[in-house]
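The structure appears right after this line, and notes come after that.
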Amino acid sequence: MGKTSKDKRDIYYRLAKEEGWRARSAFKLLQIDETFKIFNGVTRAVDLCAAPGSWSQVLSRKLYEGREESSDVRIIAVDLQAMAPLPGVTQIQGDITKLSTAHAIIEYFGDQKAELVVCDGAPDVTGLHDIDEYIQSQLLLAALSITTHVLMPGGTFVAKIFRGKDTTLLYSQLDIFFDSVSITKPQSSRNSSLEAFVVCKNYNPPKDFIPQMINPMVDDVKILAEATGSEVNKKLIPFLVSGDLNTCYDSDMSYSLPTDEEGTYKWLEAVQKPISPPYEEIIEMTRTMSLKNSAIVKQ
């Protein structure tokens, strides 16, 4: 029998402690590397949304520790929160939606760009899948935005996603920037978890594409794309929600019925009623009691 999500979680929690990993999520990156060999030949790597540092710890052990010539290895961990130090890892306590963060990464690499960018960041889940999936996709867009600034052509990008109805759309958007895009579910990821990971190899952006720093939760992406003057950027506009929730109703919310000064709600007729609704015959049968009588006879 296959192991349940709880069994897998408990096993990897124990393994993480025994092997000295900061979190069991370290095994997810290790297993991704086993399949896709993302660490091969890498000397410059970036871990976005890094705290508490389990993925940075994997980068440290795989790329820096035990290497004969580790002086040429540079690893950067980026997060708004501080985290405990790791061998060979330099921390930038910054915002991945800020251009200054991208500049700091490139400067640390000696004006070179990264060969590998990873991101295990995720929002605090609400339990409402549609909302969690949307917020995670916006986080991924922010990670991809800074990646287009700091990743060298031919580089690799790995990031967490939440599987859902828009996964195919997400795949097609990433496919624009990379020659190879795969979606994987490591064995150490719980079966009940919606998470999966995109592994994007051979960064190859469209000709004339101009990297932009986007905060999808704040910025008007369409205006930013048009501001570049690049026809390519204008075509790479992600799906956006239309309408300002401050001035219009949200279809997923409940609102009180509008009443007059006396507290009375005025019911309005439909502008155009159905001409021949399919339920019309049932309503008529109910009125004449023929439907009820028919049910009694059948019994």
Could you walk me through whether Ser25 and Ser54 pass side-chain hydrogen bond (donor to acceptor under 3.5 Å, both in side chains), step by step?
CA-CA 7 Å; Ser25 55; Ser54 63; 2.6 Å; yes

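Hydrophobic cluster membership differs between Leu144 and Met152, with clusters built from Ile, Leu, Val, Met, Phe, Trp and Tyr side chains linked at under 4.5 angstrom. Tracing side-chain contacts under 4.5 Å through hydrophobic residues (I, L, V, M, F, W, Y), one never reaches Leu194 starting from Val199; they form parts of separate clusters.
Using modelled atom types, one side-chain atom of Gln136 and one backbone atom of Gly121 make a donor-acceptor pair closer than 3.5 Å. A donor-acceptor contact shorter than 3.5 Å links the side chain of Tyr171 to the backbone of Val181. At least one donor-acceptor pair under 3.5 Å links the side chain of Gln93 to the backbone N or O of Leu80. Judged by distance alone, with hydrogens and angles left aside, the side-chain atoms of Ser189 form no donor-acceptor pair with the main-chain N or O of Pro186 at under 3.5 Å. Between the side chain of Asn202 and the backbone N or O of Asp179 there is no donor-acceptor pair closer than 3.5 Å. Although no hydrogens or angles enter the test, the distance criterion places a donor-acceptor pair under 3.5 Å between the side chain of Arg22 and the main chain of Pro52. In this structure, Arg44 contributes its side chain and Lys113 its backbone to a donor-acceptor pair below 3.5 Å. Glu115 places no side-chain N or O within donor-acceptor distance of the main-chain N or O of Thr156, the cut-off being under 3.5 Å. In this structure a side-chain-to-backbone donor-acceptor pair under 3.5 Å is missing from Glu65 to Pro87.
Ring pair Phe157/Phe177: centre-to-centre distance not below 6.0 Å.
With respect to Glu195 and Lys28, a salt bridge is recorded, a charged nitrogen being found less than 4.0 Å from a carboxylate O.
Proximity of Asp120 to Leu48: side-chain heavy atoms (C-beta onward) are nowhere separated by under 4.5 Å.
A side-chain donor from one of Ser56 and Asp47 sits under 3.5 Å from a side-chain acceptor of the other.
Under the 30°/60° scheme for interplanar angles, the aromatic rings of Trp55 and Phe197 are found to be tilted.
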